[in-house]
Each structure stands twice: as C-alpha cells, then as structure tokens.
Amino acid sequence: LDMLFSWARSLGIAIDPGKTEVLHLFRYDDDDFPLDPSLTLPLVEQMIYLGILVHPSGSWTPHVRHVIKKAAKRLYPLGLICSRGSRVHPALATRLYVGAIWPILTYTCPLLWPATQTATSLLLSAEHTFLRHTCGLFSTVHKTSASLIAGVLPIDLYLDSLCASHAHRA
C-alpha cells in the first residue's frame, strides 16, 4: 500500500485513504498480498467508475441492470406526458424517447458490445417496455413491431451499427 501511495505521489496524484476502496478483479490468497492491517482499505463488491458498474466477475449484466434502472426513473415522467389519453403525437413521443431514454441505455455499450445473451435480452425487454409506454402501445405488441411503429431501430441493431462505425473510425 505504501508503494501505491508513493507511486501516486510521484505522478502528482493525491490518494485519500478515506475515499479509496478496493475491488478484487481476480482470485487471490491472503498470503499473496501481505498488508499491514492498520492500512487496509475497505473491500467493495462492485464499484462505479466513469459511469460503468464494474463487477468482479467481469460480467456486464449488473451494469446493464443498473443502466435500465436509471432509464426507468426517466421513463415515468415521459410516460405521463405520452400516455394513451394524451394528445402527444407518436412522432414527438419517439423523439422524447430517443433523446431522454436511449442515451442512458446505450451509454458505455460500445465498450461491452457484443454483450452476452442475458444482457442483450435485458436491453431488448427494457426497450420494448419503454416503447410501449412512450407510444401508448398494448403489451401484446411484439418487440420488433414496437420498434417499427416507433420508427426506431431495435437497440441491438443500433448498437451493432454504432460499434461498426467506431471500429471503422479506428
């Protein structure tokens, strides 16, 4: 730990032990890293770094669930504005969805895409729910049909094209 603090000081970085946490991204034995017990930092199960939920298992599913919860908080007021009884045009509702919900859902996705089947199905289900509420569709509308009615690409196809454009630029 002293080596970490001295290394950070040499780079001009100040580390506050009160705000510093440890996340183990690999398995280890306590004998591999003998530390002074008075200098140990709190161990956490997961941490958020630059908006990305980092999990020790390396799975992106916890991050996707976290992002969907954040997007759902923004959906409630949008659902009130765009409910079935309102006079908001579906095109405007779609613009609101693409402007307010989609950036939250797709943040950091180029980093983790192509995602696991679980993460992809979570994103597609969330998108279906959000489109149903935004456009006032019934729950029996198929996922792909909801995207077509709203005039938006399904989120997995959008992320495929986004990652392809990032790869093309690199």
Side-chain angles (χ1 to χ4, degrees), residues 16 19-27 41-170:
D16 183 6
K19 295 181 180 179
T20 307
E21 301 171 332
V22 175
L23 175 71
H24 293 292
L25 297 175
F26 53 88
R27 293 184 182 172
L41 299 171
L43 183 66
V44 294
E45 294 293 323
Q46 57 191 14
M47 76 173 37
I48 296 178
Y49 181 71
L50 297 176
I52 302 169
L53 186 69
V54 181
H55 198 267
S57 69
S59 171
W60 290 108
T61 305
H63 172 72
V64 170
R65 285 193 177 116
H66 174 72
V67 165
I68 289 171
K69 284 181 189 174
K70 282 175 59 174
K73 289 179 186 175
R74 301 259 171 113
L75 178 69
Y76 181 72
L78 189 61
L80 291 176
I81 294 170
C82 305
S83 63
R84 281 193 195 119
S86 71
R87 296 183 182 192
V88 174
H89 194 273
L92 177 61
T94 303
R95 286 184 193 159
L96 289 171
Y97 166 75
V98 169
I101 305 295
W102 222 355
I104 298 170
L105 287 177
T106 58
Y107 179 71
T108 69
C109 280
L111 177 68
L112 62 99
W113 203 255
T116 61
Q117 184 64 33
T118 307
T120 305
S121 65
L122 283 171
L123 279 173
L124 285 170
S125 295
E127 181 187 45
H128 181 244
T129 304
F130 296 160
L131 286 175
R132 272 192 9 233
H133 288 293
T134 304
C135 296
L137 303 173
F138 292 104
S139 61
T140 55
V141 174
H142 191 269
K143 292 177 184 178
T144 309
S145 301
S147 296
L148 290 172
I149 290 169
V152 225
L153 275 175
I155 199 162
D156 56 340
L157 295 178
Y158 170 74
L159 290 172
D160 285 341
S161 66
L162 183 68
C163 291
S165 69
H166 283 297
H168 181 70
R169 282 187 229 154

Colleague: Run the side chain to side chain contact (heavy atoms under 4.5 Å, CB included) test on Trp60 and Leu122 for me, step by step, so that the C-alpha distance in whole Å, both residues' side-chain angles and the decisive distance to 0.1 Å come before the verdict.
Modeller: CA-CA 11 Å; Trp60 290 108; Leu122 283 171; over 6 Å; no
Colleague: List the residues meeting side-chain hydrogen bond (donor to acceptor under 3.5 Å, both in side chains) with Ser121, not counting sequence neighbours, and say none if there are none.
Modeller: none
Colleague: To the nearest 0.5 Å, what is the distance between NE2 on His142 and CG on Leu148?
Modeller: 10.5 Å
Colleague: Please give me the minimum heavy-atom distance between His128 and Lys143, naming the atom from each residue.
Modeller: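 So the two residues come closest at CD2-CA, 3.4 Å.
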Colleague: Please report the shortest heavy-atom distance between Val141 and Ala146, naming the atom on each side.
Modeller: CG1-N, 3.7 Å
Colleague: Ile155 and Glu127: which non-hydrogen atoms are nearest, and at how many Å?
Modeller: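 That closest heavy-atom pairing would be N-OE1, 3.0 Å.
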Colleague: Can you check whether Leu162's main-chain N or O pairs, donor with acceptor, with Ser165's side chain at less than 3.5 Å?
Modeller: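 Side chain of Ser165 to backbone of Leu162, a donor-acceptor pair under 3.5 Å: yes, one is there.
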Colleague: Distance from Thr144 atom OG1 to Leu153 atom CG, nearest 0.5 Å?
Modeller: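 The distance works out to 11.5 Å.
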Colleague: Any chance you could measure Thr140, atom OG1, to Arg132, atom CZ, to the nearest 0.5 Å?
Modeller: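 The OG1 atom of Thr140 sits 9.0 Å away from the CZ atom of Arg132.
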Colleague: For the residue pair Ile68 and Leu123, what are the closest heavy atoms and their distance?
Modeller: CD1-N, 4.2 Å
Colleague: Could you tell me the separation between the CG atom of Leu124 and the CD atom of Gln117, rounded to the nearest 0.5 Å?
Modeller: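 CD of Gln117 is found 8.5 Å from CG of Leu124.
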Colleague: I need the minimum non-hydrogen distance between Gln46 and Pro62, along with the two atoms involved.
Modeller: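 Of all heavy-atom pairs spanning Gln46 and Pro62, the closest is OE1-CB, 4.4 Å.
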Colleague: Taking all heavy atoms of Ser147 and all of Pro154, pick out the closest pair and write down the distance.
Modeller: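 It is OG-CA, 3.8 Å.
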Colleague: Once you measure the plane-to-plane angle for His66 and His63, does it fall in the parallel (<30°), tilted (30-60°) or perpendicular (>60°) bin?
Modeller: tilted
Colleague: Applying the ring-ring contact (aromatic ring centres under 6.0 Å, His included) criterion to Trp102, which one of Tyr158, Tyr107, Phe130 satisfies it?
Modeller: Tyr158
